[in-house]
Novice: 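I'd like to ask some things about the structure below.
Note on naming: letters A, B, ... go to the chains in the order of the sequence lines (proteins, then strands), and numbering restarts at 1 for each one.
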Amino acid sequence: AQSVTQPDIHITVSEGASLELRCNYSYGATPYLFWYVQSPGQGLQLLLKYFSGDTLVQGIKGFEAEFKRSQSSFNLRKPSVHWSDAAEYFCAVGQLKAAGNKLTFGGGTRVLVKP
Amino acid sequence: EAGVTQFPSHSVIEKGQTVTLRCDPISGHDNLYWYRRVMGKEIKFLLHFVKESKQDESGMPNNRFLAERTGGTYSTLKVQPAELEDSGVYFCASSQAGTRGGYTFGSGTRLTVV
C-alpha cells in the first residue's frame, strides 16, 4: 500500500528566509507526486506535480520540488518566504488507474511566517 | 471558469441526524472525487465517480454514507445517521477525463456532529 510521511507538523520561518518541507513516500511503482497548499478558509490548491522526466519541478508561487528516487523523497522548497505563504502544505502520491487518479496524502505541515 | 463549489461551507448537526453535502464540479469534468479530513488526521479518499458511475468507493467508511452523482453533474454525499466521529472537513475535487491530475479541489464543507 502506498503511504506519505511529512515528518514536520509545524514549521516557523522568518519572512525572507528559505523554506524546505520534507516529504517521504512509499509506493511500489513509479510515483506520481503532488504538493498542495491550503490557505486559511480556502480549498486545496495544486502547487506542482511530478510524473516523469526532470527531477526538479517548478511550480506556482515560486515553489519548486525535487524528486529523489534513492531517498523516496519529494521535498518542497522556496528560496524566500512571503507572509502570504503561511498555510498548510500537503504532499500526495497518486495511483494512476485507467480512469482517474486516487491520491494518498501526508498529514500536512503547517507553516507559520514571522515578520 | 467557475471552480469546484461545495455547500454548505459549514454544518453543525446533532448525532443521529441526517446531513447532505453537495458538490458542483467544474463543467465538463467527468471525474469527481470525495475526500475527508478528520481532525488531526490525513486527508483520506472516500470515493471516485466517472460521470454518474461509481468507479471506486473503497474509502467509504460504512453504510451510513451514501454518495450519488445525478446525471453526471453535481454530486451529493449523505450521512445518515451522523455520528460524532463523522466530524471533519469534506472535500470534493474534479478533473477532466484522461487527466493525470492534480485535480481541482473545492473549499470543503466543515461538518461538526455534536
Novice: Select one option (side chain, backbone, both, neither) describing which atoms of B:S58 are under 4.5 Å from chain A's heavy atoms.
Specialist: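 Just the side chain, heavy atoms under 4.5 Å.
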
Novice: Quick check on B:R37 against chain A: is it the side chain, the backbone, both or neither that has a heavy atom closer than 4.5 Å?
Specialist: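 Side chain of B:R37 only, per the 4.5 Å heavy-atom cut-off to chain A.
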
Novice: Let me know if A:Q38 has heavy atoms under 4.5 Å from chain B in its side chain, its backbone, both or neither.
Specialist: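 For A:Q38, the contact with chain B is made by the side chain alone.
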
Novice: Verify the ring-centre separation between A:F63 and A:Y89: is it less than 6.0 angstrom?
Specialist: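 They qualify: ring centres under 6.0 Å apart.
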
Novice: Hey, do the aromatic rings of B:Y103 and B:F105 have their centres closer than 6.0 Å?
Specialist: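 Yes: the rings meet the under 6.0 Å criterion.
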
Novice: What do the steps show when you test A:R22 against A:D8 for salt bridge (Lys or Arg N to Asp or Glu O under 4.0 Å), and what is the final call?
Specialist: CA-CA 7 Å; A:R22 296 183 289 164; A:D8 304 305; 2.9 Å; yes

Novice: Rounded to the nearest 0.5 Å, what separation is found between the CZ atom of A:F90 and the CH2 atom of A:W35?
Specialist: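 Atom-to-atom, A:F90:CZ and A:W35:CH2 are 10.0 Å apart.
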
Novice: Taking every non-hydrogen pair under 4.5 Å, which of B:R110, B:K44, B:E42 racks up the most with chain A?
Specialist: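 That would be B:E42.
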
